[in-house]
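This one's a predicted model, so the numbers in the text were calculated from it and none came from an experiment. Residue numbers start from 1 in every chain, and the chains themselves are labelled A, B, ... in the order their sequence lines are given, proteins ahead of strands.
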Amino acid sequence: MRIKEMADRTGVSERLLRYYEEQGLLTPARLPSGYRVYSDADVDTVRHIRTLLAAGLTTATIARVLPCVRDDGPGLAPVCPGLVAELRQERERIARAIEDLRASQGMLDTIIGAGPAGTATPTRQPVPEG
DNA sequence: GTTCTGACA
DNA sequence: TGTCAGAA
C-alpha cells in the first residue's frame, strides 16, 4: 500500500510516517516512481512505534528496540536477551528527568511563594513508585 | 491526482 | 508536527 492508505490505516499522518522513516524506524520499499510502498507488517510496526514513543523512549532507542519485540495483541513483548535490561536503564533515565522537573517545580514554588498573596501554587502530592 | 523532498513556523 | 512550494 502507498503512504495515503498507510496513514488511514494507522491513524498516523503522512508527515509522521516519512519522519519515522527518516529516523530509521520504518524502511518501506520504493516504486520506480519513488513512491513508498508499505507492507501489512508495517502497520503493526507503526503501532509498536506509537507504544514505545508513549513509553517515553527516544526514536534512536526505538530503532534499536523495534527488532527485539513481538506483537502481543494489544501491546508488545520483549524478545531479545538484553532488551529488558536496556528498558530498565531507560526507566532510570526518565526517573532522573522527573527528579529534575521536581527540582524546577520547587524553585518556581519558592519564587511564586515570595510574590503577591493568592498566587502561590499548592505543593504536589508524592506519587507511588512503580 | 498523488507523492516526493526540503524548508519554515 | 503541520503546512507549503516546486517537481515528477
**Request:** Ignoring backbone atoms, establish whether Ser33(A) has a side-chain N or O less than 4.0 Å from OP1 or OP2 of dT3(B).
**Result:** no

**Request:** Answer with yes or no whether Arg15(A) presents, from its side chain, a donor or acceptor under 3.5 Å of a partner atom in the base of dT3(C).
**Result:** yes

Can you check the [X] [atom1] to [N] [atom2] distance for me, whole Å?
X	N	atom1	atom2	answer
Glu22(A)	dC4(B)	CD	P	13 Å
Tyr19(A)	dT1(C)	OH	P	8 Å
Arg2(A)	dA8(C)	CZ	C1'	14 Å
Leu16(A)	dT3(B)	CG	C1'	17 Å
Arg30(A)	dC4(B)	CZ	P	6 Å
Leu17(A)	dG2(C)	CG	P	11 Å
Arg18(A)	dT3(B)	CZ	P	8 Å
Glu5(A)	dT3(B)	CD	C1'	15 Å

**Item:** Salt bridge Glu90(A)-Arg64(A), side-chain N to carboxylate O under 4.0 Å
**Value:** no

**Prompt:** Should the pair Arg18(A)-Glu14(A) be classified as a salt bridge under the 4.0 Å nitrogen-to-oxygen rule?
**Reply:** yes

**Message:** Counting C-beta onward and ignoring hydrogens, is there a side-chain heavy-atom pair between Arg9(A) and Asp40(A) closer than 4.5 Å?
**Reply:**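 Sidechains of Asp40(A) and Arg9(A): in contact.
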
**Asked** Starting at the 5' end of DNA chain B, which residue's closest nucleotide do you reach first, Glu21(A) or Tyr35(A)?
**Response**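 The residue whose closest nucleotide sits nearer the 5' end is Tyr35(A).
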
**Item:** For the student: nearest non-hydrogen atoms of Leu25(A) and Ile49(A), plus distance
**Value:**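 Reported closest heavy-atom pair: CB-CD1, 3.6 Å.
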
